[in-house]
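The chains referred to below are lettered A, B, ... by the order of the sequence lines, with proteins before strands, and numbering in each begins at 1. All values derive from a computational prediction rather than experimental measurement.
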Amino acid sequence: MTRHLITSAIPYINGIKHLGNLVGSQLPADLFARYQRARGAEVLFLCATDEHGTPAELAAAKAGKPVAEYCAEMHEIQAEIARGFALSFDHFGRSSSPQNHRLTQHFAGRLADAGLIREVSERQVYSNADGRFLPDRYIEGTCPNCGYDKARGDQCENCTKQLDPTDLINPRSAIGGSTDLEVRETKHLYLRQSALKDELDAWIDSKSDWPVLTTSIAKKWLHDGDGLQDRGITRDLDWGIPVKKGEDDWPGMEGKVFYVWFDAPIEYIACAQEWADAGKGPAPEPGADKDSVWERWWRTDRGADDVRYTQFMGKDNVPFHTLSFPATIIGSGEDWKLVDYIKSFNYLNYDGGQFSTSQGRGIFMDQALSILPADYWRWWLLSHAPESSDSEFTWENFQAAVNKDLADVLGNFVSRITKFCRSKFGEALPEGGAWGPEEEALADDLTARIRAYEGFMDAIEVRKSASALRAIWVVGNEYLQTVAPWTTFKTDPDRAAAQVRMGLNLIRLYAVLSQPFIPEASAGMLTAMNATDASWPDDVRAALQALPPGHGFTVPEVMFAKITDEQREDWQSRFAGTRG
RNA sequence: GGCGUGGUAGCUCAGUUGGUGAGAGCGCCGGAUUCAUAACCCGGAGGUCGGCGGUUCAAAUCCGCCCCACGCUACCA
């Protein structure tokens, strides 16, 4: 049995993420993790918060808190929201963990030993008032090209011309507006990605089964202009992982930290160690050390050869996962696991524009949970995942899709059969009758559909999986409509009993199949059916008879209340402006 | 500017190793049904497959040019 290592791009610490972030990484990763677990695979599903960098320091300052305290609080908030969305991480770690500190410094040391690190002395803008070096886009000024007075140091948003901070007229700090800026000399470490270009190129070439989105972005970076450029991996900041060469000091680099995009992917590995150190993993094999618990997922020399590693991320994260992080791993010369499959997503737009964290535009994860159960969001987001191109959230579409799919097709199916059974036979599966041609045909049809569903899920074709699942729900309604137990009951109660048993067994089957998409509703269905067996229907005929005659159940409450026009209009106006 | 992704029914999207009359869901119209959350089921209407040109017996699919939308463009993460 394949073991699945699954990671979601780690969300940045400085605030609550919006639904566009969710659908691009954590949610599809959770879908895949839940599915593989349901199929019986051993799964390690990891995510974490990405806690370093300038934005975190500034957000903490704005909140009036020490950055470590701010990050700890925000981590807990994000963890709570993740639980609210039923994201089934085996561990939700932190890139600021001691484990990541050690590993990041370890990788830097290995890369230095391999000659893949070079020191570069460069000139950067320093703000005396802010007491820090400013990343290019934290410098504002007048664009020398078009005269726009809020141009950023990396690019003018008005005329799109790319800029150097020193090009700006009347430059000022975007943090506090200070014009007390100066150019200072500072030394940084660069990862010599260019030295690994051919190796990375060949590796990407070998991934013919990856989404076009993933490979095309990687190829662009590899071949654009002069090819893959070396990348600075250190910053002049206080909050971060101190630059060290393994366990040794790095002369000349005192007071500097690693760049977040160097340490963030390494957190994928460190997170596994956090998971093991927290005692969440199995006990070590007899005679093995405790690190073997996580290393068997990550070290090919310690048993990770049979691991299939899948990463999920939005398209903006692709370069770091296809190039920088693999360069780090390959360059270390050690036997770390490289990613096997990268599932990347386009963007989800909100009502004609982009979701925007900085502008507070769209729906944020905490707001979403405050108005509707997680399953509503999970279903809509996954069934509309931006796989082939950007997709769009509108309240009308959301209302229509959720009402139709969840309330009408699935929820109503559960209602109609359980209530019918209760009224004619009582709250237990009725005795009598046997399968006829309709039931045999249904079993055949479902078997074919379930195998197709598995194929889409295995291939991480998210929207097609959702569509296939929905079609499986529809089949149940078609069956009831065709055999019409309310009619047969009048002339042949035994026949009706067999039909009702089939309907009730379908509920249990649907719960099992739907669990990766809508885990809470699925659990509710299993509870209502008093079902203890939630194993995957490898044998559909057997699954359709899992609940025997006489098995008691309860009629569940309405599983999915419909979204009313009034609610929709209310939310539409409430979330139209900025978050407040 | 360069690169990338997309432009297929009112809406959201499938579909290209070129070939039986171009598909799904929603919406709409009609029918059937009454177990059910005014739900379900069946049927129907609806499309110059972004535009122009080319290759071919044959193009949504291949080639060229153009238009439009979105994204990326390496110090935000």
Side-chain angles (χ1 to χ4, degrees), chain A residues 9-14 50 52-56 58 122 124-125 133-139 152-155 160-162 164-165 174 188 193 211-213 215-217 219-221 223-225 228-232 235 259-261 264 314-320 323-324 346-347 349 353-354 357-358 383-384 386-394 396-397 400-401 403-424 461 463-464 466-467 470-471 474 476-482 484-487 489 496 499-500 503 557-562:
Chain A
I10 65 178
Y12 198 64
I13 193 70
N14 70 339
D50 177 14
H52 299 132
T54 308
L58 296 179
E122 55 193 17
Q124 290 191 355
V125 175
F133 282 94
L134 297 178
D136 289 359
R137 65 177 60 189
Y138 281 96
I139 304 160
R152 294 190 315 203
D154 57 338
Q155 185 171 32
T160 74
K161 184 178 172 61
Q162 285 177 55
D164 188 274
H188 282 296
Q193 300 181 138
V212 178
L213 184 66
T215 51
S216 66
I217 291 173
K219 283 289 183 186
K220 197 261 178 183
W221 281 58
H223 300 297
D224 193 42
L228 186 61
Q229 301 298 296
D230 294 342
R231 189 165 193 113
R235 292 291 184 275
Y259 173 45
V260 284
W261 265 116
K315 58 185 170 186
D316 51 333
N317 278 340
V318 169
F320 304 102
L323 303 168
S324 305
N346 286 284
Y347 292 143
N349 290 319
Q354 291 185 13
T357 301
S358 57
S383 60
H384 293 77
E387 288 176 299
S388 58
S389 63
D390 292 352
S391 65
E392 170 138 334
F393 176 94
T394 64
E396 288 82 0
N397 184 299
N403 285 353
K404 189 71 189 173
D405 298 349
L406 296 182
D408 294 347
V409 176
L410 178 60
N412 182 54
F413 174 80
V414 174
S415 284
R416 66 192 299 199
I417 189 62
T418 52
K419 288 184 178 174
F420 179 74
C421 182
R422 180 174 62 184
S423 73
K424 302 300 182 193
E461 292 270 13
R463 277 187 318 214
K464 288 180 181 174
S467 168
R470 197 198 115 105
V474 169
N477 282 308
E478 287 172 352
Y479 168 77
L480 285 187
Q481 206 66 29
T482 303
W486 46 90
T487 301
F489 180 77
Q499 294 164 345
V500 167
E557 296 300 306
V558 166
M559 292 177 53
F560 301 100
K562 291 200 193 191

- Task: Give a yes or no on whether a donor-acceptor pair under 3.5 Å exists between the nucleobase atoms of B/C13, that is its base, and the side chain of A/Glu387.
- Result: no

- Message: Check this for me: does the side-chain of A/Asn412 come within 3.5 Å of the base of B/A36 through a donor and an acceptor?
- Response: yes

Which nucleotide in [options] has an atom nearest any side-chain atom of [X]:
X        : options             : result
A/Phe420 : B/C35, B/C41, B/U37 : B/C35
A/Asn397 : B/C35, B/A77, B/U12 : B/U12
A/Arg463 : B/A14, B/C35, B/U37 : B/A14
A/Asn317 : B/C41, B/A77, B/U37 : B/A77

- Message: Below 4.0 angstrom, which residues in residues 404-411 of chain A have at least one non-hydrogen atom near RNA chain B?
- Response: A/Lys404, A/Ala407, A/Asp408, A/Gly411

Is [X] touching bases, backbone alone, or none of the nucleic acid, heavy atoms closer than 4.0 Å?
X        : value
A/Thr394 : nothing
A/Lys464 : sugar-phosphate
A/Phe413 : nothing
A/Ser216 : sugar-phosphate

Anything under 3.5 Å between a protein N or O and an N or O of nucleotides 68-70 of chain B, put it in a table, one pair a line.
residue	atom	partner	partner atom	Å
B/C70	O2'	A/Asp390	OD2	2.5

- Message: Please give the distance between the C1' atoms of B/G30 and B/C72 as a whole number of Å.
- Response: 50 Å

Can you find a side chain N or O atom of [X] that sits less than 4.0 Å from OP1 or OP2 on [N]?
X        : N     : result
A/Arg235 : B/C75 : no
A/Tyr479 : B/C40 : no
A/Arg470 : B/C26 : yes
A/Arg137 : B/C76 : yes

- Should the pair A/Trp486 and A/Phe420 be assigned to parallel (<30°), tilted (30 to 60°) or perpendicular (>60°) ring geometry? perpendicular

- To the nearest Å, how far apart are A/Lys562 NZ and B/A36 P? 15 Å

Show the distances under 3.5 angstrom between N or O atoms of the protein and N or O atoms of nucleotides 42-44 of chain B.
residue	atom	partner	partner atom	Å
B/C42	OP1	A/Glu478	OE2	3.2

